[in-house]
Protein chains: 2
Amino acid sequence: MSTADRKQDTLFVNSLAKGLRLLEAFDEEHHSLGLSELAKRTGLDKSATQRFANTLHQTGYLMKDEATRRFRPSHKFAEMAYAYLWSDPVVQLAMPKLIELSGRLGETINMAELSGSDIVYVARIPCQRTTFAATLVGRRVPALNTSGGRAILATLPETERRACIENWPLTRFTPETTQDRDRISELVEEAAHLGYSFSRNELILKEIGVAAPIIGADGRPVAAVHCSVSAYHWTREKVEQDIVPFLLDTANSITPSVR
Amino acid sequence: MSTADRKQDTLFVNSLAKGLRLLEAFDEEHHSLGLSELAKRTGLDKSATQRFANTLHQTGYLMKDEATRRFRPSHKFAEMAYAYLWSDPVVQLAMPKLIELSGRLGETINMAELSGSDIVYVARIPCQRTTFAATLVGRRVPALNTSGGRAILATLPETERRACIENWPLTRFTPETTQDRDRISELVEEAAHLGYSFSRNELILKEIGVAAPIIGADGRPVAAVHCSVSAYHWTREKVEQDIVPFLLDTANSITPSVR
DNA sequence: TTTCATTGTATCATATTGCGATACAATGTA
DNA sequence: TACATTGTATCGCAATATGATACAATGAAA
C-alpha cells in the first residue's frame with residue numbers, strides 16, 4: 001500500500017469498527033442473538049465476537065439474558081436516536097408542523113431524509129391505521145421504492161436523478177412493488193412536474209403514499225414530508241384534492257435557514 | 001489485580017469502549033462537536049480522539065462538516081433506535097393501544113421503561129401542545145422526577161421502593177421540580193394506593209402528568225403509560241374523571257406474556 | 001495587521017492490546 | 001447415549017493503538 005493509504009490506516013481503529021458491526025447485527029428481524037449468530041452476521045472470529053459482545057454488555061449497549069445467553073439491544077440504542085434528533089435542525093423545525101398536519105388530516109404523517117440511496121424516517125406521527133414498522137423512527141428503505149424518495153429525487157438536476165434511477169437498488173416489499181426503472185423514471189418526472197410524488201402498493205398493499213420535498217436554502221432537497229392513506233378509503237383524485245394542498249403548504253414552510 | 005480481574009480484562013476491548021464514549025458525547029445540548037470538545041467531553045487523549053472520530057466518520061456514524069471540521073451524529077444513530085424498538089416486545093404490544101388512547105384523549109401519550117434510576121421514553125405519541133423534547137424517543141430522565149417513574153416505583157415491594165427513593169438522583173427541571181424526598185415518598189405511596197401516579201410542574205411548568213404502570217407476567221413493573229396535559233386547561237379532578245380510567249384500561253391491557 | 005492561543009493534522013517509537021488458535025464445558029439434537 | 005453446536009476460557013505473539021510531539025491552520029485579541 002502507498003504512503004497515502006498507510007496514512008489512512010493509522011487513523012482507523014479496527015477494533016472500534018468491528019465492535020460497531022455487532023451493533024448493526026440487530027434489526028427488525030433479529031431481536032436477540034447468541035454469540036454464534038453474531039459471529040455469522042458480522043463475519044468476525046468467534047473469540048473476537050465474544051470480546052466485543054462482552055464489552056458492549058459491560059458498557060450497557062447490549063443486555064444479556066443469562067438463561068439463554070442471548071444478547072439484545074438496550075435503551076442506549078434508543079438514546080442515540082434522541083441525540084440524533086436534537087442534532088438535526090430540520091427535525092426541530094418540522095416537528096410542530098408535522099403534528100399540526102397530522103391533526104388536520106387524521107392520517108399517518110412522516111418526514112424522511114435521503115441517506116445514500118435510501119431514505120431514513122426521522123419523524124413519524126402515526127394514526128390508528130399505522131402499522132408498527134411505520135411508527136418507528138430510524139427505518140431505512142430504498143429511495144426509489146417510496147414516494148418520499150421519489151419526491152426528493154424529482155428536485156435534483158435531470159442528469160443526476162437519471163443516474164440515481166439507473167443505479168440505485170430496488171427492493172420488493174409487496175407483489176406490486178415497482179421494479180421497473182422506466183416506470184420509476186416516469187413517476188419521478190411526473191413528480192418533478194407536479195411538485196409532489198404519488199405511490200401505491202409500494203411498501204404495503206392498498207396503501208397510497210404522497211410526498212412533497214423540503215428544499216434547503218441552497219436549492220438542494222433535504223427531506224420529504226410524506227402522508228400515507230388507505231386505498232380502501234381514498235382515491236388519487238381525493239388525495240390530490242384533500243391532502244396535497246396541505247402537504248405542499250407544510251413542506252414549503254419547512255425550509256431550513258442557512259446555518 | 002487478581003486472576004478474576006485479569007479474566008475480565010482480557011474479554012474487554014478498551015478501544016471499542018472508548019470509541020463508544022465519543023458517540024455518547026452528543027446530546028440535547030451538543031449537536032455538533034470539534035475534536036477538542038470531543039476530547040474534553042470524553043476525557044480521551046487528543047490523538048485517540050482524532051483516531052476514534054475518524055473511524056466513526058469512515059464507518060458512517062458521524063458526519064463531518066469539512067468547512068468547520070465539526071462532527072455530528074448521522075442517520076445511523078436513528079437506525080439504532082429502530083433496531084431497539086423491534087427488539088422490545090412491550091413496544092410492539094403497546095403501540096397500537098397508545099395510538100388509540102391518543103386518538104381518544106387528544107393529548108400527549110408516552111410509554112417509558114425503567115433503566116437504572118432513570119426512565120427512558122420508548123414510545124411517544126405527540127399532540128399539538130407537545131414540546132420538541134417531549135416528542136423524542138430515547139429521552140432519559142430521572143425516575144423520581146416523573147409520574148411515570150413514580151408509577152413504576154409504586155408497584156415495587158415497600159423496602160425496595162424506599163431504598164430507591166432514598167438513593168436515586170434528582171434533577172431540577174423547573175423551579176417547582178420536587179427535590180423533597182419525603183414528598184416524593186408520599187406521592188409514591190399515594191400512587192401505590194391509587195394504582196396511578198400524578199405529577200405537576202416536574203419537567204415543564206404548568207404541565208400535569210399522570211401515569212399508570214404496566215405489570216409484567218412476573219408481577220414486576222416493566223413500563224408505564226403516561227399522559228401529559230396542560231394545567232391551564234385541566235384540573236386534577238378533571239384528569240381523574242376523564243383521563244385516568246382510560247389510562248388504566250390501556251396500561252392494564254399491555255401485559256406482556258411470558259416469553 | 002500582527003501576535004499569540006487554540007485547534008486540527010500528521011508522524012513515529014514503543015508498549016500494550018487484541019487476535020485467533022485451541023481446549024474444554026455446556027447445551028441441544030438425533 | 002452419542003454427536004454436533006454453541007459458549008467460555010486461555011495464551012503466545014504480532015499488530016495495533018498509544019501518547020508524545022511537531023507543525024499547520026484558524027481564530028481571537030491587541
Side-chain angles (χ1 to χ4, degrees), chain A residues 1-26 30-59 61-73 259, chain B residues 1-26 30-59 61-73 259:
Chain A
M1 75 181 44
S2 67
T3 303
D5 287 348
R6 186 175 298 284
K7 178 187 78 175
Q8 200 62 54
D9 278 357
T10 60
L11 288 176
F12 191 80
V13 182
N14 251 298
S15 296
L16 171 58
K18 289 176 182 175
L20 295 170
R21 276 159 56 192
L22 254 74
L23 297 181
E24 294 165 356
F26 298 90
H30 302 88
H31 306 168
S32 78
L33 294 162
L35 279 182
S36 291
E37 292 168 279
L38 279 167
K40 277 201 195 85
R41 286 182 59 71
T42 57
L44 295 172
D45 172 80
K46 183 177 68 174
S47 305
T49 304
Q50 179 188 9
R51 284 191 295 275
F52 291 127
N54 174 70
T55 305
L56 290 167
H57 173 63
Q58 290 200 51
T59 51
Y61 281 81
L62 295 180
M63 296 184 291
K64 183 176 183 181
D65 185 323
E66 295 301 332
T68 63
R69 295 130 170 255
R70 294 173 75 79
F71 297 90
R72 59 193 314 131
R259 270 269 293 95
Chain B
M1 74 180 46
S2 68
T3 302
D5 286 347
R6 184 176 300 282
K7 177 186 75 174
Q8 201 61 53
D9 276 358
T10 60
L11 288 176
F12 192 80
V13 181
N14 250 298
S15 297
L16 171 57
K18 289 176 181 173
L20 295 170
R21 276 156 61 189
L22 254 73
L23 298 181
E24 293 165 357
F26 298 90
H30 303 88
H31 306 170
S32 78
L33 296 162
L35 279 181
S36 291
E37 293 169 278
L38 279 167
K40 276 202 195 84
R41 286 182 60 70
T42 57
L44 295 171
D45 171 82
K46 183 176 69 175
S47 305
T49 303
Q50 179 188 9
R51 284 191 294 274
F52 292 128
N54 175 70
T55 305
L56 290 168
H57 174 62
Q58 291 201 50
T59 52
Y61 281 81
L62 294 181
M63 296 183 292
K64 183 177 184 182
D65 185 322
E66 295 301 331
T68 61
R69 312 229 200 124
R70 294 173 75 79
F71 297 89
R72 61 193 314 129
R259 268 270 296 98

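All chains are named by letter (A, B, ...) in the order of the sequence lines, taking the proteins before the strands, and each is independently numbered beginning at 1.
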Here's a test for you: under side-chain contact (heavy atoms from CB on, under 4.5 Å), which of A:Leu35, A:Leu56, A:Asp65 qualifies with A:Phe71? A:Leu35
Using only side-chain N and O atoms of B:Arg69, determine if any of them is under 4.0 Å from OP1 or OP2 of D:dT26. yes
Is there side-chain contact between B:Leu33 and B:Leu22, with at least one heavy-atom pair below 4.5 Å? no
Return no unless some side-chain N or O of B:Thr10 is found under 4.0 Å from OP1 or OP2 of D:dC11. no
Rounded to whole Å, how long is the line connecting atom CG of A:Asn54 with atom C1' of D:dT10? 15 Å
Heavy-atom pair with the smallest gap, counting every atom of A:His57 and A:Leu62: ND1-O, 3.2 Å
Closest non-hydrogen atom pair between A:Thr42 and A:Ala25, with its separation: CG2-CB, 4.2 Å
Whole angstroms only, please: what is the CG-P distance between A:Asn14 and D:dA17? 6 Å
Indicate the atoms forming the closest heavy-atom contact of B:Ala53 with B:Leu38, along with that distance. CB-CD1, 4.4 Å
Contacting residues from residues 18-26 of chain A, given that a heavy atom lies under 4.0 angstrom of DNA chain D: none
Smallest separation among heavy atoms of A:Phe26 and A:His31, with atom names: CD2-O, 3.8 Å
How bent is the helix from C:dT1-D:dA30 to C:dA30-D:dT1, comparing axes over its five end pairs at each side, to the nearest 10°? 60°
Check: A:Gln58 side chain, A:Thr55 main-chain N or O, donor-acceptor pair, under 3.5 Å: no
Contact check, residues 44-53 of chain B vs DNA chain C, heavy-atom distance under 4.0 Å, returns B:Lys46, B:Ser47, B:Gln50
Please report, rounded to the nearest Å, how far the P atom of C:dT7 is from the CD atom of B:Glu66. 19 Å
How many angstroms lie between OG1 in B:Thr49 and CD in B:Glu37, if you round to the nearest 0.5 Å? 12.0 Å
What is the separation between atom CG on B:Asp65 and atom C1' on C:dT7, rounded to the nearest whole Å? 15 Å
To the nearest 0.5 Å, atom CZ of B:Arg41 lies from atom CZ of B:Arg21 at 12.5 Å
I'd like to know if the side chain of B:Arg51 and the backbone of A:Val13 have a donor-acceptor N/O pair within less than 3.5 Å. no
From the list D:dT8, C:dG8, D:dA17, which nucleotide is the closest neighbour of the side chain of A:Lys64? D:dT8
Protein-nucleotide distance (A:Phe71, atom CZ; D:dT8, atom C1'), rounded to Å: 11 Å
Value rounded to 0.5 Å, distance of OG in B:Ser32 from CZ in B:Arg69: 14.5 Å
Need to verify one output field. Residue with the more 5' nearest nucleotide on DNA chain D, A:Ser36 or A:Val13? A:Ser36
Measure CD/B:Glu37 against P/C:dT6 and give the value in whole Å, please. 14 Å
With heavy-atom distances below 4.5 Å as the criterion, would you say the side chains of A:Leu23 and A:Phe52 are in contact? no
What's the CZ-P distance between A:Phe12 and C:dT9, to the nearest Å? 17 Å
Distance in angstrom units between B:Leu35 CG and C:dA10 C1', rounded: 13 Å
